[in-house]
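What follows is a set of notes on a single structure, which appears directly below.
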Amino acid sequence: MVQTKDGTVALASAFSGQKQAIKDRDHKFLRKAVEEAYKGVDCEDGGPFGAVIVFNDEVVASSHNMVLRNNDPTAHAEVTAIREACKKLKQIELSDCEIYASCEPCPMCFGAIHLSRVKRLVYGAKAEAAIAIGFDDFIADALRGTGVYQKAHLEIKRADGKEAIFAEEVFEKTKEKFRLY
């Protein structure tokens, strides 16, 4: 991290491999994400993760980890905030929005951020902070392409024969009926 003359801070991103300027307004929204993280732990909804989505310098969605509350392993702060923002803005693309996350997003959350087309991600803590208190260490490894996923015990197989062809046909047969963007 490097402080510049104009008060911005350069922060390396695990996702882009580039440095990005972090400004005072970013600190304000990041603080709201961290406050959400505390809120989630205080009400026992889930782990210490928070996220806010900003549109035109206003928070349109704010959420914390709700995995325990919803009995849903996908109810991470970022995913929940994206769902809320999409409902509120009545759209599936958040390309005019920014997301602020209290911690470096896991691969699932980063995937959701990417798929929602959010234009900018600012996060606070590195994944190692979450790992240090017991969260899966595959998060940092997956983001950085290092290590072996020692906790994964998932068998993955692709169908073959007629069933594979049947599954692939849905894309060809529906391409004229369904356009995402």
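Residues: numbered from 1 along the sequence shown. Note that the structure is a prediction, hence the values are computed from the model and not measured.
Think of Val79 as one node in a network of Ile, Leu, Val, Met, Phe, Trp and Tyr side chains linked at under 4.5 Å; its network also takes in Met108. Taking Ile, Leu, Val, Met, Phe, Trp and Tyr as members and joining any whose side-chain heavy atoms lie under 4.5 Å apart, directly or through other members, Leu68 forms no hydrophobic cluster with any other residue.
A salt bridge links Arg120 with Asp26: at least one charged nitrogen is closer than 4.0 Å to a carboxylate oxygen.
Listed here is the closest heavy atom pair of Asn65 and Ala77: N-CB, 3.7 Å. Of all heavy-atom pairs spanning Ser63 and Glu36, the tightest one is C-OE1, 3.3 Å. Scanning both residues, Glu104 and Ala127, for their nearest heavy atoms gives OE1-N, 2.8 Å. Heavy-atom minimum distance, Ile113 versus Pro105: CD1-CG, 3.9 Å. Between Cys97 and Ile53, the shortest heavy-atom contact is CB-CG2, 3.7 Å. Across all non-hydrogen atoms, the minimal contact from Tyr100 to Leu30 is CD2-N, 3.9 Å.
Legend: side chain to side chain donor-acceptor pair (under 3.5 Å) pairs involving residues 81-92, not counting sequence neighbours, sorted by first then second residue: Thr74-Arg83. Counting only residues at least two apart or in different chains, side chain to side chain donor-acceptor pair (under 3.5 Å) contacts with residues 44-60 comprise Arg25-Asp57, Asp45-His64.
Taking NZ from Lys32 and OG from Ser62, the interatomic distance works out to 8.0 Å, rounded to the nearest 0.5 Å. For the atom pair Thr80 OG1 and Asn70 CG, the distance stands at 7.0 Å (nearest 0.5 Å). To the nearest 0.5 Å, atoms OH (Tyr38) and SG (Cys43) are separated by 14.5 Å. Taking CD of Glu128 as the start and CD1 of Ile131 as the end, the distance is 5.0 Å to the nearest 0.5 Å.
Tracing side-chain contacts under 4.5 Å through hydrophobic residues (I, L, V, M, F, W, Y), one never reaches Val122 starting from Val34; they form parts of separate clusters. Taking hydrophobic clusters as Ile, Leu, Val, Met, Phe, Trp and Tyr residues chained together by side-chain heavy-atom distances below 4.5 Å, Met66 does not share a cluster with Val41.
Looking only at distances, a side-chain donor or acceptor of Ser102 sits under 3.5 Å from a matching main-chain atom of Gly50.
Scored by the salt bridge (charged side-chain N to carboxylate O under 4.0 Å, His left out) test, Glu163 finds no partners at all (sequence neighbours excluded). Listed by chain and number, the residues in a side chain to side chain contact (heavy atoms under 4.5 Å, CB included) with Ala125 are Cys103, Ala129 (sequence neighbours excluded).
Using a 4.5 Å heavy-atom threshold, the side chains of Leu94 and Cys86 count as touching. Using a 4.5 Å heavy-atom cutoff, the side chains of Val60 and Val54 are not in contact. By the 4.5 Å heavy-atom criterion applied to side chains, Cys109 and His76 are counted as neighbours. Val67 places none of its side-chain heavy atoms less than 4.5 Å from the side chain of Asp72. Between Pro48 and Ile133 there is a side-chain heavy-atom pair separated by less than 4.5 Å.
You'll find the ring centres of Phe135 and Phe49 inside the 6.0 Å limit.
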